[in-house]
Amino acid sequence: MSAESTPESGIPGEDGTTGRHRAKGSRRKPRGRRKGLLIMAWTAAGIVVLGGTGAGYLYFKLNGNIKSVDIDSALGTDRPTKVDNGSENILVLGSDTRAGSNKKLGGGVDDGSARSDTAMIVHVYEGHKKASVVSIPRDTIIERPECTDTKGVTHDAASGVMFNSAYSTGGAACAVKTVETLSGIRMDHYLEVDFSGFEKIIDELGGVQVTTTKNIKDDDSHLNLKAGTHTLDGEQALGLVRTRHGVGDGSDLGRIQLQQAFIKALINQVKHVNLFGDPTKLYDLANTATKAVTTDSDLGSVNKLMSFATGLKGIGSSDMTMVTMPVQYDPADPNRVIIKETQAKQVWTALENDRAIPKSATKGTATGDANGVVSAP
């Protein structure tokens, strides 16, 4: 079975087709209301670019909204070598802290913790005309490296833990360290969004249109969609990208397939919004986006985000290859997955050398059962 959301021919952005496959092994229902959410680096940054055209008070207000973390200082020099071939790697995380307004959306107890239920490596190829996106399942069992967080606290290595424990243990810096360790690729940038901010951005955009081929109902994520075409508001979009058992086999791999399909629909929506024609809407979007994101210190200002987003704005949904990191179900626990090292190496080698991800890298790997359920109309 292929872990690709939209199987590719080995050329970034060239779509193929495939039949659906059902995942093997029983799947667990989520413990509590797990939040899986998603936002693309270029969507948030692109909105900020437009908002950054203001001056004076508006500029400084937007600039003050942006939160940043100094990952480079925390990680030091023990990192993969930065590749100078014109490409960029961005780690994009979705965090589900239960504090503040997020508590109302997600339910549960405000225990002061935060989790990362969605993680993606976005590789922008030289020339910034195409991109590959590699989703990392949160349920992947890994060897977590020792890492130092941005407060200077060192966290011990751990064996046989879930991937998303890196973020809950040591925040952004430990998440980046873990991704770099398992991939051997340096992350040039970091972008994080919380799910409250994600919902608000979708609402500011006026919703996102998708077509569903099946009914999707999930009381935990407050989602109830009949098969057909819908314009999702923020709450519905959030429900879609975090649902596990609303459709498919209830696995995190199936949820990733829904997330990847939603990305393409969202990119299409952004390209059809006339932000320049409505200054008020323009500012509202910029204000919401800058409050929602946390970046690495290299992107921690409106000017820096402007420069970064300018290099991404030409990438459309048809220019993207989207895959899931090659995994297989864990023989010791069918509710978890482990990395298929040989095939994963093909993915990392391709990105390190700024090449297309070969089809062989995801052939026969584990997948969910939600492929084709959601698409852009």
Side-chain angles (χ1 to χ4, degrees), residues 1-21 38 40-43 45 80-92 118-137 140 179-180 182-189 191 253 256-257 259-268 271 308-309 311-328 339-368 371-372 375-376:
M1 293 182 291
S2 172
E4 294 176 284
S5 169
T6 52
E8 309 296 334
S9 64
I11 302 173
E14 181 177 311
D15 293 333
T17 57
T18 188
R20 296 182 194 167
H21 302 275
L38 180 58
M40 297 75 63
W42 48 86
T43 301
T81 302
K82 184 176 178 63
V83 177
D84 186 17
N85 59 12
S87 66
E88 286 187 298
N89 296 303
I90 308 104
L91 177 61
V92 183
T118 299
M120 300 162 48
I121 298 173
V122 179
H123 178 85
V124 182
Y125 289 90
E126 180 182 9
H128 290 205
K129 300 297 183 183
K130 295 181 182 295
S132 284
V133 179
V134 182
S135 296
I136 303 176
T140 307
V179 169
E180 291 186 341
L182 68 87
S183 68
I185 300 173
R186 185 175 181 119
M187 296 296 106
D188 299 297
H189 294 297
L191 269 168
L253 298 178
I256 286 173
Q257 291 174 319
Q259 292 171 347
Q260 292 178 341
F262 183 80
I263 288 177
K264 294 197 171 187
L266 179 52
I267 291 175
N268 291 340
K271 286 184 173 294
F308 173 71
L312 302 177
K313 64 183 181 180
I315 300 176
S317 61
S318 62
D319 304 315
M320 299 168 56
T321 297
M322 305 189 71
V323 304
T324 300
M325 180 179 69
V327 294
Q328 65 185 40
I339 301 173
K340 295 195 74 171
E341 296 290 353
T342 300
Q343 287 171 276
K345 181 65 175 176
Q346 293 182 52
V347 173
W348 310 137
T349 299
L351 298 190
E352 183 177 15
N353 291 283
D354 203 34
R355 297 198 307 263
I357 297 172
K359 289 182 66 176
S360 58
T362 52
K363 185 176 181 180
T365 57
T367 185
N371 188 38
S375 64

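The figures that follow rest on heavy atoms only: side chains count, while hydrogens, waters and symmetry mates do not.
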Determine whether Trp348 and Ile357 make a side-chain contact, defined as any pair of heavy atoms from C-beta on separated by less than 4.5 Å. no

Taking only residues two or more places apart in sequence or in another chain, which ones pass side-chain contact (heavy atoms from CB on, under 4.5 Å) with Ser360? Gln346, Pro358

Given side chains that start at C-beta, do those of Met187 and Ile185 come closer than 4.5 Å, heavy atoms only? yes

With Glu180, which residues qualify under salt bridge (charged side-chain N to carboxylate O under 4.0 Å, His left out), at least two apart? Arg79

Verdict with supporting geometry, Met322 and Ile263, side chain to side chain contact (heavy atoms under 4.5 Å, CB included): CA-CA 10 Å; Met322 305 189 71; Ile263 288 177; 3.2 Å; yes

Measuring from Ser132:OG to Met120:CE, what's the distance to the nearest 0.5 Å? 11.0 Å

Within this structure, what is the CZ-CD distance for the pair Arg186 and Glu88, rounded to the nearest 0.5 Å? 12.5 Å

Look at the side chain of Asn89 and the backbone N and O of Asp188, then say whether any donor-acceptor pair between them is shorter than 3.5 Å. no

Would you please say whether a donor-acceptor pair under 3.5 Å links the side chains of Thr367 and Gln257? yes

Taking C-beta and beyond as the side chain, do Leu253 and Thr324 meet within less than 4.5 Å on heavy atoms? yes

Heavy-atom closest pair, residues Gly184 and Pro80: O-CB, 3.5 Å

Contacts of type side-chain contact (heavy atoms from CB on, under 4.5 Å), residue Asp354, not counting sequence neighbours: Asn85, Ser87, His123, Tyr125, Glu126

Does Ser135 have any side chain to side chain donor-acceptor pair (under 3.5 Å) partners at least two apart in sequence or in another chain, and if so, which? Gln260

Between OG1 of Thr362 and NZ of Lys340, what distance do you get to the nearest 0.5 Å? 10.5 Å

With sequence neighbours left out, the residues meeting side chain to side chain donor-acceptor pair (under 3.5 Å) with Glu352 are none

With sequence neighbours left out, what residues match Thr140 under side-chain contact (heavy atoms from CB on, under 4.5 Å)? Pro137, Ile142, Phe163, Met325, Val327, Val337, Ile339

Between OG1 on residue Thr321 and NZ on residue Lys359, distance to nearest 0.5 Å: 11.5 Å

For His189, the ring pair (Phe, Tyr, Trp, His ring centres under 6.0 Å) test, sequence neighbours excluded, returns Phe308

The side-chain contact (heavy atoms from CB on, under 4.5 Å) partners of Asn353 (sequence neighbours excluded) come to Thr349, Arg355

Do Ile90 and Ile121 make a side-chain contact, defined as non-hydrogen atoms from C-beta onward lying under 4.5 Å apart? no

Could you grab the distance from atom CG of Leu91 to atom CD1 of Ile136, nearest 0.5 Å is fine? 6.5 Å

Between Asp319 and Lys129, does at least one N-O distance fall below 4.0 Å, as a salt bridge requires? no

Nearest 0.5 Å, what's the OG-NZ distance between Ser375 and Lys264? 11.0 Å

